[in-house]
Amino acid sequence: MCGIVGYIGKRRAYDVLIQGLHRLEYRGYDSSGVAMITEPGELNIYKSKGKVSALEHFASNKDISGTIGIAHTRWATHGEPNDINAHPHCSQSGRIALVHNGTIENYTVLKEALSQQGFNFVSQTDTEVVVQLIEYIMDNNHCTLFEAVAEATKRVVGAYAIAVIDRQNPRQIVAARQSSPLVIGIGEGEYFLASDATPIIEYTNKVVYLNDGEIAVIEPDKELKVYDSNAIGKNKIEITELQMSIEQLEKGGYPHFMLKEIFEQPRTLADCISGRITADGKRVVLSGVIENRSKFLNTNRIIIVACGTSWHAALIGKHLIEEYCRIPVVVEYASEFRYSNPVVNQGDILIALSQSGETADTLAALELAKQRGAFVFGICNVIGSSIPRATHSGCYIHVGPEIGVASTKAFTGQVTVLAMMALLIGQMKGTVTDQTVEKIATDIRRIPTLIQDILSQSEKIEDLAKIFTYAHNFLYLGRGYNYPSALEGALKLKEISYIHAEGYPAAEMKHGTIALIDNDMPSVVIAIKDNVYDKTVNNIQQVKARGGKVVAIVTEGDTVVRNMADYVIEVPEISECLTPLLTAIPLQLLAYYIAVNKGRDVDQPRNLAKSVTVE
Ligand code: F6R
């Protein structure tokens, strides 16, 4: 949610900033802006509603010189997307410019107080109070920018990652973080700053992740200085080496990141599995679980908190853990959990499941569980992100950067890790036989090849999408392990095509939803050969009897559903608990092609952002 970039060094800052904004556009894309100091006293700020390309167009005939600058791509929280509310925001005198990711909760109180001191506000944002406050403190305390930022961070309540520049000093950026991510890249006599490492990787692989409460003073040709929130102690800097490549951030010949990420799944899942199943296929190795063996053996309950697609993966995780470990699992929306005064007992394990590792609700939920004595375990994709840094232990899904706003490869990575985790804990507890572990572990290894087979049907799914592009509503039905798949299929369609879709447990349909079914309401039914196959077949009959069109996802060789449904897509046979990994693929492709046919902006659907770092 909102992306920040900063640069200070010898290059033209504008180029680094614009390229960085493009990389961070997935975090928000309703408006963007840059601020550069061209010489002491000269601060140029350009802002534009719309995507970064609109900003580039706007700035094309302007002065874009300067070797220091900050930039921002926005996902609006306070104030509609327009040129004025876009960042960077500027202090009243025009001296200080600031970009911000997060939300300032006490901004109305601060605004009121500053207004009484004669400050005028031009935007509707919460951010503007921070830059005005910094100027107010500088003027009143006659202090440096760094001291003013440190003081301001004590007075603001909320989440922020900020980068601030002073037009009188083109040799310094001050940055601070509280609950919103900020990474500093260390180059040769230059520094980069960003909400995540993607804008930095093409210049340097050495980064420092700021911790909550830290303030950084960034000056070219000088050592990076990081202070604690009291601006007293200089903190020890931990330099991390990034394991990321530029190719992972490019479309690689695909028209959209989403399609690339769908087609990447055979490889990303191979990476996710790599080294985690022993060569003899008999055991799973996940060090985060093994190191905390006694916690997993003794727990009476696991709570999984997540949002959106990750929440759907969590529902599959519940099935897996309950089936193979016999541990009760509760799956909660992180946003509900954090405000529900949840019962958390000593010995409970809370799993925070998140692709980005930055989702504000998930982060807050895990902090709450931690305070109440739970052992907190993270399953994330983005290495070094906030959730893995806040948890006691965890494991990564290792599927590489996911840039398309609609999650695809992260979902299958999450389910794969949860499946391996369930086998490992079950084996440690003795609640699953070695034969079962071996059978499922062998099937996990087959997944990349089987997904490749399903992807070879993409043209067929593309054709199918043409038939359904103009439907206004869809029903997605599934049961057991594939009920969450139905929810996920519906979410994929909704978020990128803007067609209304509902995911439903197939058998629940007759308790109300069946009234919706008619010739204009297609149902996508996941009817693979599982323990409720016959019942799902009955549900398909019920839809057909009411004139509904059925697209069925079936197990290879199925003839019963084939004779009943209007269209079928086959997936290979596999252990039942792994079927969501296969059924996800046609559901992703169907949503993708329908959205493309409708001319939607697939990678950056309206109103969305990839990393939801605000409530
Ligand atoms: C949907 C989607 C979102 C995310 C949700 C949680 O395609 O991507 O629903 O799953 O915002 O994000 P993470 O997993 O980063 O916590």
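Both ligands and their constituent atoms are indexed starting at 1 by order of listing.
Here R23 pairs with E250 in a salt bridge; the nearest charged N to carboxylate O distance falls below 4.0 Å. Contact check on D212 versus R177 returns a salt bridge, with a Lys/Arg side-chain nitrogen under 4.0 Å from an Asp/Glu carboxylate oxygen. The pair D463-K460 does not count as a salt bridge, with every side-chain nitrogen at least 4.0 angstrom from each carboxylate oxygen. Salt bridge annotation for D271-K409: absent, with no cationic side-chain nitrogen under 4.0 angstrom from a carboxylate oxygen.
In this pair, H87 and H72 present their aromatic rings parallel. The plane angle is below 30°, not in the 30 to 60° band. Aromatic ring pairs are classed by plane angle as parallel below 30°, tilted from 30° to 60° and perpendicular above 60°; the pair Y107 and H78 is perpendicular. In this structure, H319 and Y481 have tilted ring planes: the angle between them lies in the 30° to 60° band.
If you run side chain to side chain donor-acceptor pair (under 3.5 Å) between T309 and each of E495, K492, Q355, Q414, only K492 comes through.
Looking at T362 next to ligand 1, no N or O pair under 3.5 Å apart turns up. Considering backbone and side-chain N/O of Q414, none are found under 3.5 Å from N/O of ligand 1.
The nearest protein atom to atom 16 (O) of ligand 1, hydrogens excluded, is given as T359 OG1, 2.4 Å; this is a heavy-atom distance. Protein heavy atom in closest approach to atom 5 (C) of ligand 1: C307 O, 3.6 Å. In terms of protein heavy-atom proximity, atom 14 (O) of ligand 1 is nearest to S310 OG, 2.5 Å. For atom 11 (O) of ligand 1, the closest non-hydrogen atom on the protein side is V612 CG2, 3.9 Å. Scanning all protein heavy atoms for the shortest distance to atom 10 (O) of ligand 1 gives T309 N, 3.1 Å. Given atom 7 (O) of ligand 1, the protein heavy atom at minimum distance is E495 OE2, 2.6 Å.
Shown in contact with K492 at under 4.0 Å from a heavy atom are these atoms of ligand 1, numbered in order with element: 1 (C), 7 (O). Every atom of ligand 1 is numbered from 1 in the order shown, and the set under 4.0 Å from a heavy atom of S354 is 13 (P), 14 (O), 15 (O), 16 (O). For ligand 1, the atoms sitting less than 4.0 Å from at least one non-hydrogen atom of A406 are 7 (O), numbered in the order shown with element in parentheses.
Side-chain contact between Y593 and L259 is present, with at least one heavy-atom pair separated by less than 4.5 Å.
Proximity of E358 to ligand 1, defined as any heavy-atom pair under 4.0 Å, is not found for any part of the residue.
The closest approach between I387 and ligand 1 stays at or above 4.0 Å for every heavy atom of the residue.
Counting only non-hydrogen atoms, the option in P605, S385, S356 that gets closest to atom 15 (O) of ligand 1 is S356.
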